[in-house]
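What follows is one structure encoded as structure tokens, with my remarks underneath.
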There are 2 protein chains.
Amino acid sequence: MQSSKKIAVVGAGLVGSLLAIYLKKAGHIVHVYDRSPDIRNIQFSGRSINLAMSNRGWRALENIGIADDIRKIGIPMDKRAIHNMDQSLNYQKYGKEGEAIYSLSRGVLNRKMIDLAEEKGVEFFFEHKVWDVSLSEAILHIGEEERGEWTDYKYDMVFGSDGAFSRVRHRMQRQSMFNYSQDFLEIGYKELNIPANADGSHKLDKNSLHIWPRGNFMLIALPNLDGSFTCTLFMPFEGENSFAQLNDEKKLVDFFAKYFPSTKEVIPDLVKDFFKNPKSYLVTMKCFPWTHNDKVALIGDACHAIVPFYGHGMNAGFEDITILSELMEKYGDDWQTIFTAYENSRKPNADAIAELSYRNFMEMSTKTADPKFLLQKKIEKWFSEKHPDKWTPLYSRVTFSHQPYSEALAIGDRQNEIMEDILAMESIEEIWETEPVEQRILALLEEK
Amino acid sequence: MQSSKKIAVVGAGLVGSLLAIYLKKAGHIVHVYDRSPDIRNIQFSGRSINLAMSNRGWRALENIGIADDIRKIGIPMDKRAIHNMDQSLNYQKYGKEGEAIYSLSRGVLNRKMIDLAEEKGVEFFFEHKVWDVSLSEAILHIGEEERGEWTDYKYDMVFGSDGAFSRVRHRMQRQSMFNYSQDFLEIGYKELNIPANADGSHKLDKNSLHIWPRGNFMLIALPNLDGSFTCTLFMPFEGENSFAQLNDEKKLVDFFAKYFPSTKEVIPDLVKDFFKNPKSYLVTMKCFPWTHNDKVALIGDACHAIVPFYGHGMNAGFEDITILSELMEKYGDDWQTIFTAYENSRKPNADAIAELSYRNFMEMSTKTADPKFLLQKKIEKWFSEKHPDKWTPLYSRVTFSHQPYSEALAIGDRQNEIMEDILAMESIEEIWETEPVEQRILALLEEK
């Protein structure tokens, strides 16, 4: 058990609320600050992609005994449903029998997490804007306006879980030897909606993550408990097939009729929602270090914001908490060692999931409709069922295991090299399920 | 001629002062703001590497008719003087006969540039701290303290030439779609000094850039007009042979006796200067875009801070001005087009000189003492003298030409591939000046 400290958590999002529960359980006094109003009292909307909780996320919830509470508000998705241009529908299982990722509404989940944290004795301070932090003293500077009066709040320790545009990190960024990068994609997104049927049932298969892959743009849909789906349209800001192009009602409707004809029946408010909802940006943010002495630590998006195409932003943030908690148990009151071990352990894995997420846009938007890619997936599945000890597909390593992301990435790259070799075999389309292919894969695996 | 605008330049450094002269000459009202006191009234010291002006820098000065004024305060260096561990001294010419880079003291040059700008009617406002900029309105927010009272100064246009930690860029950084990175080297530097002889003459050859290459650290010395040399010790912050290690007088003196014995006579104030002068950091900073509408543009280190190992920070910044000025002549009052063309033209070249500068630490600190590298240089020189139309060494492309940096980098990489092939020829040490080698290089050049 650690000595009790007075700890501030900046940001009441998913990572902040869960971290608060962990810290409270470890015996600390925990205050969570958030610049926004209490999400439990306001309409949540407009710019969120539904979350896909996978094993890393679940583990962090299980450790603290709240996984069952959360599972009740999630919907398992065990496959991708690919809506092809020719109107055909194609299902691609994510993993083995019984493996699934869970669709969760960000708003619903966040409310639940705050409720759970409060029940356990965490104190929340909403509409408290943290503008600056004195790093060496762990003092928060809070006020209505950036240029107005501020009040100082002194703590033993501060965690910055305040997201991609973190103010805590913003202060650290102005230190020497702080490495930092932010990179925006040329692709943005917009939220759309598929409402429930009149009887509350889902209009599409509810246990699938639906994708309409169209090359440099795509539409996806994730199920909600109320029978609706949250849809997200990803497309370039400028150029051909872009947000800039869809600048009036007719162009929008024609575009959807051409590329997403099957959505006509299920997205009734297309025009209204498209022109009402904001366009959102996608950024990859990396930095190092993540901590300042034994006083301040960044966690979640505040130190590793990634693009959403692997569905691992929240999962990676929750895994930060799992690792931090293990280190707290290991090193007790030696917070300097905890923080140093934490950032050194997590940084390479955060970089790896950033890379995987970036690459996965191409996989989702293009490759899921590519026969060669589908054949590769079939071969991998066939081989891994024959040799489960020798081959776990990359997606499963990332999603259904706790292998460090950096290892998963390295092994995945090696697997892709092997598969390139296999796909180049003569008449592979006909012979893929045969002994020579199996032997060739085994031989290539031996080479490393 | 452009219509006269009221323009603010933030930062009275080298790039800011030169830009101000250009803008004034183009018919604008030009106010330059700087947070520091007037450099002409204060002691300049402690943390600057001497500058090496080369052709790109000179061109920007020649265009505006001030090159002769500046040449008077510079010292030509036509070669590297390599001080080897075995005490031998080795000279390596930078270019052809008559080609040289010029050593200039940053302080002396900056004072001169401000004098010249004032003479031409530019107004300077020192000790004016710009804390923020309203980008779309070109309003500067100036005050004593970041959290104190600010006064607004409205302009038609603002240039941010306020260096690697630019406040103008800081505001742009908080916009969506602004890409940004800052990367610190694990290597820092410290200024030392070789004073003049009693008669005012230089203690070492004055027309050389002196290097003591020692692998992961090095000492360099550049001549000053007063007979002294400004020395810079580059070394890692931590680990073996690091600043962390040299934490007392004895360790420092022993270290210099072991690695730089020839400096014992010429750096009398080693101990005093070493422990008095600050350790400085080295950062590579990249960003994009560089402009905001037709209102704000970044220039010089504010948009492309690089490490100093190619001696091109100032040269690249001055070349920004040359290009901007050409675009002003071409597009007249269409500042939106000027700014867009400016950032698109300069960005790939800024990235290229960043890469070249980063790589050049290894060249200076290690390769200049490596026989293989020296042989490569000899072969390149020999071949380029025989075939000046077919081969210009990379250093000469970067330093003595106006070829875009990005082209120089690409061609340099190709040349290195060719040289690797040549250096792998049997007995190349003996046969390097022969027909077969010449023919082989010609053949390899043909292949591309």
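Naming convention: chains lettered A, B, ... in sequence-line order (proteins, then strands); numbering from 1 in each chain.
- Remark: A244(B) pairs with E238(B), S242(B) by the side-chain contact (heavy atoms from CB on, under 4.5 Å) rule, at least two apart or across chains.
- N179(A) places a side-chain N or O within 3.5 Å of a backbone atom of F184(B) that can act as its donor or acceptor partner.
- For the pair F178(A) and Q182(B), the tightest heavy-atom approach, listed with the atom from each and the gap, is O-NE2, 2.8 Å.
- In this structure, Y331(A) places its OH atom where only 12 or fewer heavy-atom neighbours from other residues, nucleotides or ligands lie under 6.0 Å away.
- Heavy-atom pairs under 4.5 Å with chain B peak, among C287(A), S176(A), G188(A), at S176(A).
- Residues forming a ring pair (Phe, Tyr, Trp, His ring centres under 6.0 Å) with F125(A) (at least two apart in sequence, or on another chain): H31(A), Y33(A), H128(A).
- Remark: E137(A) CD is packed, more than 12 non-hydrogen atoms of other residues, nucleotides or ligands lying under 6.0 Å away.
- Counting heavy-atom neighbours within 6.0 Å of E144(A) CD, excluding the residue itself, gives a total of 12 or less.
- Contact check for Q173(A) versus Q173(B): side-chain heavy atoms found under the 4.5 Å cut-off.
- Cation-pi contact between R147(B) and W131(A): absent, since separation from the ring centre below 6.0 Å together with deviation from the ring axis within 45° is not met.
- Residues R167(B) and R174(A) come closest through the heavy atom pair NH1-NH2, 2.7 Å.
- With a threshold of 4.5 angstrom between heavy atoms, F288(B) does not approach chain A through any atom at all.
- Considering only residues two or more places apart in sequence or on other chains, T151(B) meets the side-chain contact (heavy atoms from CB on, under 4.5 Å) condition with Y153(B).
- No more than 12 heavy atoms of other residues, nucleotides or ligands lie within 6.0 Å of CD in E186(B), so this atom counts as exposed by the packing criterion.
- Closest approach of H170(B) and H170(A) over heavy atoms only: NE2-NE2, 3.3 Å.
- Contact annotation for L185(B): only backbone heavy atoms (N, CA, C, O) come within less than 4.5 Å of a heavy atom of chain A.
- Per-residue counts of heavy-atom pairs under 4.5 Å with chain B were compared for E146(A), K286(A), M285(A); the largest is that of E146(A).
- Scanning residues 346-356 of chain B against chain A with a 4.5 Å heavy-atom cutoff picks out nothing at all.
- Heavy atoms only, all atoms of each residue included: Y180(A) and Y180(B) are closest at CD2-CD2, 3.5 Å.
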